[in-house]
There are 2 protein chains.
Amino acid sequence: MASLVINHGAAGARIAGELREAILTGEYAPGARIRQEDIADRHGASRVPVREALRMLEAEGLVTLVANTGAWVSRVSLAECQEMYQIRERIEPLLLRYNLPLLDAAAVDELERLAVLMESSELDEFIALDRAFHLSCYDRAETTVLGATVLQLWNRTHSYRRAYMRIARTDPDRSVHHEHHLIVSAIRRQDVDEAERVLAGHIRRTRLELTRHPDIFE
Amino acid sequence: MASLVINHGAAGARIAGELREAILTGEYAPGARIRQEDIADRHGASRVPVREALRMLEAEGLVTLVANTGAWVSRVSLAECQEMYQIRERIEPLLLRYNLPLLDAAAVDELERLAVLMESSELDEFIALDRAFHLSCYDRAETTVLGATVLQLWNRTHSYRRAYMRIARTDPDRSVHHEHHLIVSAIRRQDVDEAERVLAGHIRRTRLELTRHPDIFE
DNA sequence: TACTCGATGATTGCATCCAATTCAAGAGAA
DNA sequence: TTCTCTTGAATTGGATGCAATCATCGAGTA
């Protein structure tokens with residue numbers, strides 16, 4: 001007997017995926033209330049898989065659940081954001097180290113293309129390209145924990161990166177692009193230590209920039 | 001009207017907590033099947049909150065879920081374990097940096113007591129003391145992401161730490177204790193850089209030790 | 001023997017229903 | 001007015017039941 005649902009046993013994961021996307025695109029902003037029945041209707045499912053999805057997103061830090069009360073898109077404080085950037089500063093170089101030997105000439109060319117595109121793009125397009133640039137550095141090695149952890153950190157701070165750009169674009173920061181090209185260069189030369197150093201500095205500088213706009217965090 | 005349940009709206013979290021404990025104590029070993037109805041009966045609940053608990057533990061990496069099939073206590077491969085130790089090597093020093101200023105003389109005395117006790121303990125007691133020692137270094141600062149991440153890494157590798165000790169205790173390793181005392185000393189002097197360095201080396205050495213017993217991982 | 005292919009029981013996935021809780025608005029008293 | 005209490009709608013939490021799926025085992029065939 002053929003089932004009505006294509007993929008039985010994955011409703012929760014599917015809903016979580018689409019909700020995650022909605023949060024990252026900004027359709028749901030930090031602090032926004034998430035009602036179980038809304039999501040359920042929108043996905044033609046009951047509230048049960050929605051609750052599973054919410055639990056998953058809670059574990060990823062994207063959603064905050066309060067018992068008997070409801071679910072909200074997680075807010076991030078300045079202190080928490082700094083924490084996450086400091087963690088990234090220490091583990092992304094390690095992740096890059098895992099990937100470096102697997103990034104061939106074609107991959108590096110693509111990275112350079114993204115870096116160049118970024119120089120003449122703005123706001124949402126820049127955000128997307130920057131994310132693509134960095135995550136492309138990490139998509140070769142089959143790490144389990146490390147890759148997932150880094151991706152979560154990117155996701156949890158994504159909304160605030162956009163909020164930051166909206167404010168800080170008045171003084172366009174050239175050194176970001178310079179650092180991107182330094183990273184590309186180090187990867188092309190397969191210089192692991194230099195790549196780690198530049199990447200750590202890149203994240204560190206971004207973190208310090210954030211401190212200058214504490215107003216973004218509510 | 002008084003309810004029959006003390007805490008409505010927390011069944012999933014409560015079950016997750018007890019299941020997590022059961023996994024850490026070894027009652028459920030890596031690879032063991034977890035049946036929803038078993039857990040439900042054992043906690044006098046239905047399968048709904050059990051499934052929530054399983055989703056939470058899955059997100060923590062303690063449980064592996066397969067759609068339409070079941071749940072198992074997560075296995076960890078040697079490569080994954082190495083990854084986790086490398087991450088710890090990079091972020092635990094940072095977490096220690098957060099906590100160092102908050103560790104007063106009394107706290108350091110307690111740490112030293114644990115370090116001494118460990119020298120004349122074995123197996124399960126050593127595991128417990130070692131965990132208490134390190135986690136006590138981290139329980140002062142109110143970090144959100146960093147503390148949770150480190151705790152998860154400890155939990156995910158806990159079973160294997162026990163398995164390792166059961167095998168490797170034939171050649172008791174004195175340098176572990178030496179390093180513990182170096183850490184205590186650095187904390188007492190509030191020497192952040194030295195504390196970071198010693199801790200990173202301590203974790204790194206443990207990771208390299210693990211490589212010598214790949215048979216632990218299935 | 002070894003292999004394929006159905007049936008059957010066990011287990012999970014999800015929808016529905018009811019209970020528990022929260023929140024907000026309004027009545028009543030100080 | 002302001003505070004407290006009550007009431008009820010809105011929402012979440014959890015139990016039950018049925019559908020979907022998987023694993024096991026045995027019959028049949030090469």
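From a predicted model like this one, the values you see are computed outputs, not experimental measurements. Computed over heavy atoms, backbone and side chain alike; hydrogens, waters and symmetry mates excluded. Every chain is numbered from 1, with letters handed out A, B, ... down the list of sequences.
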Whole-Å distance separating the [atom1] atom of [X] from the [atom2] atom of [N]:
X	N	atom1	atom2	result
Arg35(A)	dT12(D)	CZ	P	7 Å
Arg51(B)	dA15(C)	CZ	P	11 Å
Glu52(A)	dT12(D)	CD	P	16 Å
Asp38(B)	dA10(C)	CG	P	14 Å
Glu58(A)	dG13(D)	CD	P	10 Å
Asn7(A)	dA19(D)	CG	P	21 Å
Trp72(A)	dT11(D)	CH2	C1'	10 Å
Arg55(A)	dT12(D)	CZ	P	13 Å

Considering only [options], which nucleotide approaches the side chain of [X] most closely?
X	options	result
Arg33(A)	dT12(D), dT21(C), dC14(C)	dT12(D)
His8(A)	dC23(C), dG14(D), dT21(D)	dT21(D)
Asn68(A)	dA15(C), dG14(D), dT22(C)	dT22(C)

Reckon Gln36(B) has a side-chain N or O less than 4.0 Å from the OP1 or OP2 of dA10(C)? no
Does a side-chain N or O of Arg47(B) approach OP1 or OP2 of dG13(C) to a distance below 4.0 Å, or not? no
Kindly assign one of parallel, tilted or perpendicular to the pair Phe217(A) and Tyr160(A), based on the angle between their ring planes and the thresholds 30° and 60°. parallel
The residue, Gly12(A) or Ala67(A), whose nearest nucleotide of DNA chain C is more 5′ is Gly12(A)
For DNA chain C, whose closest nucleotide is more 5', that of Gly70(B) or that of Gly44(A)? Gly70(B)
With sugar-phosphate meaning primed atoms plus P, OP1 and OP2, does Ile34(B) contact a base, only sugar-phosphate, or nothing at under 4.0 Å between heavy atoms? sugar-phosphate
Mind checking the CZ-NE2 spacing from Arg14(A) to His43(A)? Nearest 0.5 Å is all I need. 6.5 Å
With respect to His202(B), which candidate in Glu89(B), Glu92(B), Glu179(B), Arg207(B) satisfies the side chain to side chain contact (heavy atoms under 4.5 Å, CB included) definition? Glu179(B)
Please figure out whether Pro49(B) or Gly9(A) has its closest DNA chain D nucleotide nearer the 5' end. Pro49(B)
Can the positive tip of Arg88(B) be found less than 6.0 Å from the middle of the six-membered ring of Tyr85(B), inside 45° of the ring normal? yes
Salt-bridged, Glu125(B) to Arg131(B), with N to O below 4.0 Å? no
